[in-house]
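Below is one structure; the comments refer to it alone.
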Amino acid sequence: MSKYRVAVVGVLGAVGQEMLKTLEQREFPISGIKPLGTATNTGRAVGFAGESVSVEQAKRGSFKGVDIALFSAGADASLELAPIARDEGCVVIDNSAAWRMDDSVPLVIPEVNPDALKQHSGIIANPNCSTIQMLVALKPLHDLFRIKRIVVSTYQAVSGTGYKAIDELENQMRQYCSGDPITKSVYPCQILLNALPQIDVFLDNGYTKEETKMVEETHKILDPSIGVSATAVRLPVFRCHSEAVNIETERPIDLGTAARALASQRGVKLVDDFRRGEYPYPLMASDKDDVFVGRLRLDESVKHGMNLWVVADNLRKGAALNAVQIAETLIEMNII
Ligand SMILES: NC(=O)c1ccc[n+]([C@@H]2O[C@H](COP(=O)([O-])OP(=O)(O)OC[C@H]3O[C@@H](n4cnc5c(N)ncnc54)[C@H](OP(=O)(O)O)[C@@H]3O)[C@@H](O)[C@H]2O)c1
């Protein structure tokens with residue numbers, strides 16, 4: 001089997017660290033790892049496959065001899081460095097929002113639209129974490145019942161904002177327990193013991209950018225004819241986003257058929273038994289690869305509709321795992 005030299009850009013971030021872990025756990029065929037960060041990170045050590053490797057600054061020249069570059073350093077870094085990396089000969093798989101809506105860039109969830117990879121020209125985008133888990137769950141239901149409209153409310157973990165937000169929640173927990181004043185710098189309000197209906201910035205129509213991403217990315221990945229209405233909320237949870245998803249469909253829904261399709265969908269774990277009080281929650285999905293689905297109910301307020309509850313680890317399937325699976329799919333399809 002061929003082996004690949006892999007760079008991880010933004011390696012010291014929340015997603016970058018998860019990428020190293022995911023590559024190791026999945027025994028990705030690696031001939032060499034190149035951890036890249038900012039100038040201030042240069043020389044710091046990261047562990048990979050039992051070895052200590054020094055972080056280098058990501059810059060022009062960093063990608064020569066690299067086959068695959070996994071980017072998770074934010075949109076500004078991706079806008080500047082992804083074309084450089086592509087021109088230096090590697091395939092870029094980018095976690096930021098920088099390239100997702102570019103027509104020449106495939107936006108891919110391997111369980112949903114792997115064939116889009118055939119059109120890649122050096123840069124491939126990983127969708128937003130909230131979109132990934134929602135569409136992994138909805139793909140088999142769309143195939144069966146044709147979804148017309150999605151109404152989704154998210155309950156998102158602080159790790160979705162990066163390592164500084166994880167630190168902020170930890171600090172606020174300590175401050176609360178010791179009776180000290182609560183300080184904040186990442187979120188506009190205290191996140192501890194709170195729920196903030198703002199993820200990313202507000203746009204002119206009153207929706208946030210996160211909510212808009214869920215609409216636009218669903219259209220690009222699954223079906224442009226589906227109506228999508230989203231409300232995204234940040235909670236004081238460390239890992240895993242949860243989503244209450246309501247769908248309206250063209251065809252009548254049979255709950256048993258829906259449950260069987262979900263149970264056999266690659267990447268989904270169905271946990272759904274209300275009589276025994278069984279449903280997914282963040283601590284169940286934490287550090288796991290699957291998208292967990294439960295609380296299946298018919299929506300009795302419309303002709304054909306249903307509700308479901310979808311939970312997944314945002315750092316794993318929502319970011320690092322999906323990116324590594326894209327790389328694995330490129331290898332399987334012989335397009336790298
Ligand atoms: N967290 C999630 O659940 C999630 C899910 C999907 C997508 N994403 C996306 O993935 C990206 C990273 O997210 P994150 O949560 O890992 O953020 P993070 O924890 O803040 O980490 C970002 C890392 O990138 C580094 N970095 C910044 N500019 C760089 C540059 N020019 N060159 C090299 N490294 C650079 C940062 O270094 P410094 O600390 O020195 O600045 C930091 O180590 C973002 O675009 C985010 O939107 C995140």
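For clarity, every value in this text was computed on a predicted model and none was experimentally measured. Numbering of ligands and ligand atoms starts at 1, following listing order. Hydrogens, waters and symmetry mates play no part in the numbers below; they use all other heavy atoms, side chains included.
Nearest protein neighbour of atom 28 (N) of ligand 1, counting heavy atoms only, is Ala73 O, 3.5 Å. Protein heavy atom in closest approach to atom 36 (C) of ligand 1: Thr38 CG2, 4.5 Å. Of all protein heavy atoms, the one lying nearest to atom 13 (O) of ligand 1 is Val15 CG2, 3.9 Å. Tyr163 OH, 2.6 Å is the protein heavy atom nearest to atom 39 (O) of ligand 1. Among protein heavy atoms, atom 21 (O) of ligand 1 sits closest to Gly13 CA, 3.1 Å. Taking atom 45 (O) of ligand 1 as the reference point, the nearest protein heavy-atom neighbour is Gly74 CA, 3.2 Å. Scanning the protein heavy atoms around atom 25 (C) of ligand 1, the nearest turns out to be Gly10 CA, 3.9 Å. When only non-hydrogen protein atoms are considered, atom 31 (N) of ligand 1 lies nearest to Ala77 CB, 3.4 Å.
Residue Gly318 has at least one heavy-atom neighbour below 4.0 Å for each of these atoms of ligand 1: 5 (C), 6 (C). For ligand 1, the atoms closer than 4.0 angstrom to any heavy atom of Thr40 are 40 (O). Residue-ligand proximity, Leu315 to ligand 1, at heavy-atom distances under 4.0 Å covers atoms 1 (N), 2 (C), 3 (O). The ligand atoms of ligand 1 that sit less than 4.0 angstrom from a heavy atom of Ala319 are 5 (C), 6 (C).
Within the set Asn41, Val8, Asn95, Leu12, the minimum heavy-atom distance to atom 37 (O) of ligand 1 is found for Asn41. Taking all heavy atoms of Gly162, Ala97, Ser72 into account, the minimum distance to atom 22 (C) of ligand 1 is reached by Ser72. Between Gly37, Ala14, Ser96, Ser159, it is Gly37 that holds the heavy atom closest to atom 32 (N) of ligand 1.
Checked by atom type, the side-chain pair Asp299/Asn307 shows no donor-acceptor distance below 3.5 Å. For the residue pair Asn128/Glu210, the side-chain donor-acceptor check at 3.5 Å is satisfied. Looking at Asn314 and Ser159, their side chains do bring a donor and an acceptor atom within 3.5 Å of each other. With 3.5 Å as the limit, one finds a donor-acceptor pair spanning the side chains of Glu168 and Ser185. Of the N and O atoms on the side chains of Glu56 and Ser62, not one donor lies less than 3.5 Å from an acceptor on the other residue.
In this structure a side-chain-to-backbone donor-acceptor pair under 3.5 Å is present from Arg251 to Leu144. The backbone N or O of Ile226 lies less than 3.5 Å from a partner atom in the side chain of His219, making a donor-acceptor pair. Arg100 places a side-chain N or O within 3.5 Å of a backbone atom of Asn126 that can act as its donor or acceptor partner. Of the possible donor and acceptor atoms, one in the side chain of Gln190 sits under 3.5 Å from a partner among the backbone N and O of Leu192.
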> So Tyr4 and Ile331, side-chain contact (heavy atoms from CB on, under 4.5 Å) or not? Walk me through it.
Replying inline: CA-CA 10 Å; Tyr4 302 85; Ile331 296 169; 3.4 Å; yes

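Checking each of Asp289, Asp313, Asp287 against Lys21 for a salt bridge (charged side-chain N to carboxylate O under 4.0 Å, His left out) leaves exactly one that passes, namely Asp287. For the side-chain contact (heavy atoms from CB on, under 4.5 Å) test with Phe63, the passing option among Val9, Val92, Asp87 is Val9; the others fail.
Under the 4.0 Å distance rule, the nearest protein heavy atom to atom 47 (O) of ligand 1 falls outside the cut-off. Within a 4.0 Å radius of atom 4 (C) of ligand 1, the protein has at least one heavy atom.
Polar contact with ligand 1: present for Asn314 (N/O pair, distance under 3.5 Å).
By the criterion of a heavy-atom distance under 4.0 Å, neither the backbone nor the side chain of Asp76 is placed next to ligand 1.
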